[in-house]
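The block underneath contains the structure these notes are about, expressed in structure tokens.
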Amino acid sequence: MDPTITPADLTTAAEPETLGRYLASIKPAHDHMGGMGHHAGHSSSVRTAEFEGRQIKIVTTYEVTVDGKPLTAGLDVDDDGMLSCHGLPAYQFTSALDTVRELIRKFPRHFPKGQ
């Protein structure tokens, strides 16, 4: 442990508002939209398969907004058609609407009413 950091410093740094401001100021380490040049609110998934000697490619693209603001959580569709979301990695959904509803439930501070 750095001797210049006191237990009081750690306690202050761990306070939700302080930590939240710090985390909000950090630029993401990687692009959660797949690094394919997607802009805010757009998310694409590519699924491929071979069937009876033919190559199948399905590109699913979502443009999602909440209260008119782009959602940047990143939605992906797997080969079974199940949706997953970077913000809820342990969940799978059958509906994009259900995915966004759950994001709003789990992260209400990211979706303030009346703004």
Side-chain angles (χ1 to χ4, degrees):
M1 183 167 159
D2 184 342
T4 61
I5 299 174
T6 68
D9 292 334
L10 289 174
T11 299
T12 300
E15 290 175 358
E17 286 192 26
T18 303
L19 182 59
R21 276 193 308 274
Y22 168 73
L23 293 173
S25 72
I26 298 173
K27 185 177 178 179
H30 64 283
D31 180 0
H32 287 283
M33 296 299 179
M36 299 179 68
H38 298 292
H39 52 85
H42 288 191
S43 183
S44 293
S45 294
V46 178
R47 294 174 284 158
T48 59
E50 183 178 323
F51 180 74
E52 295 184 359
R54 295 191 170 60
Q55 297 297 316
I56 301 168
K57 176 180 177 183
I58 300 173
V59 179
T60 305
T61 302
Y62 292 96
E63 181 178 340
V64 182
T65 63
V66 176
D67 296 329
K69 296 179 183 168
L71 178 70
T72 59
L75 302 177
D76 295 308
V77 182
D78 69 15
D79 288 345
D80 294 323
M82 297 296 293
L83 282 150
S84 62
C85 176
H86 293 261
L88 300 166
Y91 291 70
Q92 284 195 315
F93 300 91
T94 57
S95 158
L97 284 172
D98 288 344
T99 305
V100 176
R101 288 177 183 130
E102 192 63 18
L103 284 167
I104 293 169
R105 262 194 286 279
K106 296 290 185 191
F107 303 102
R109 289 179 18 185
H110 292 277
F111 303 95
K113 291 182 181 177
Q115 288 190 1

Determine all donor-acceptor pairs shorter than 3.5 Å in which one atom belongs to a side chain in residues 97-106; sequence neighbours excluded.
residue: D98; atom: OD1; partner: R101; partner atom: NH1; Å: 2.9
residue: T99; atom: OG1; partner: S95; partner atom: O; Å: 3.0
residue: E102; atom: OE1; partner: R105; partner atom: NE; Å: 3.0
residue: E102; atom: OE1; partner: R105; partner atom: NH2; Å: 3.3
residue: K106; atom: NZ; partner: Y91; partner atom: OH; Å: 3.2

Using the rule side-chain contact (heavy atoms from CB on, under 4.5 Å), only one of T61, T60, I58 pairs with V77; which is it?
T60
Kindly compute the distance separating CG (L88) from CG (L75), expressed to the nearest 0.5 Å.
9.5 Å
Above 12 or not: heavy atoms from other molecules or residues under 6.0 Å from CD of E15?
yes
Between C85 and A73 the two heavy atoms that sit nearest each other are SG-CB, 3.6 Å
Taking the side chain as everything from C-beta on, heavy atoms only, tell me whether Q55 gets closer than 4.5 Å to T48.
no
List the steps and the verdict of side-chain hydrogen bond (donor to acceptor under 3.5 Å, both in side chains) for D80 and Q92.
CA-CA 11 Å; D80 294 323; Q92 284 195 315; over 6 Å; no
K69 backbone acceptor or donor facing D67 side chain under 3.5 Å
no
Please report the shortest heavy-atom distance between V59 and K57, naming the atom on each side.
CG2-CE, 3.8 Å
Rounded to the nearest 0.5 Å, how far apart are CG of D76 and CG of L83?
8.5 Å
Under the side-chain hydrogen bond (donor to acceptor under 3.5 Å, both in side chains) rule, what do T12 and D9 come out as? Steps first, then yes or no, please.
CA-CA 5 Å; T12 300; D9 292 334; 5.8 Å; no
Side chains of I56 and E50: does their closest heavy-atom pair fall under 4.5 Å?
no
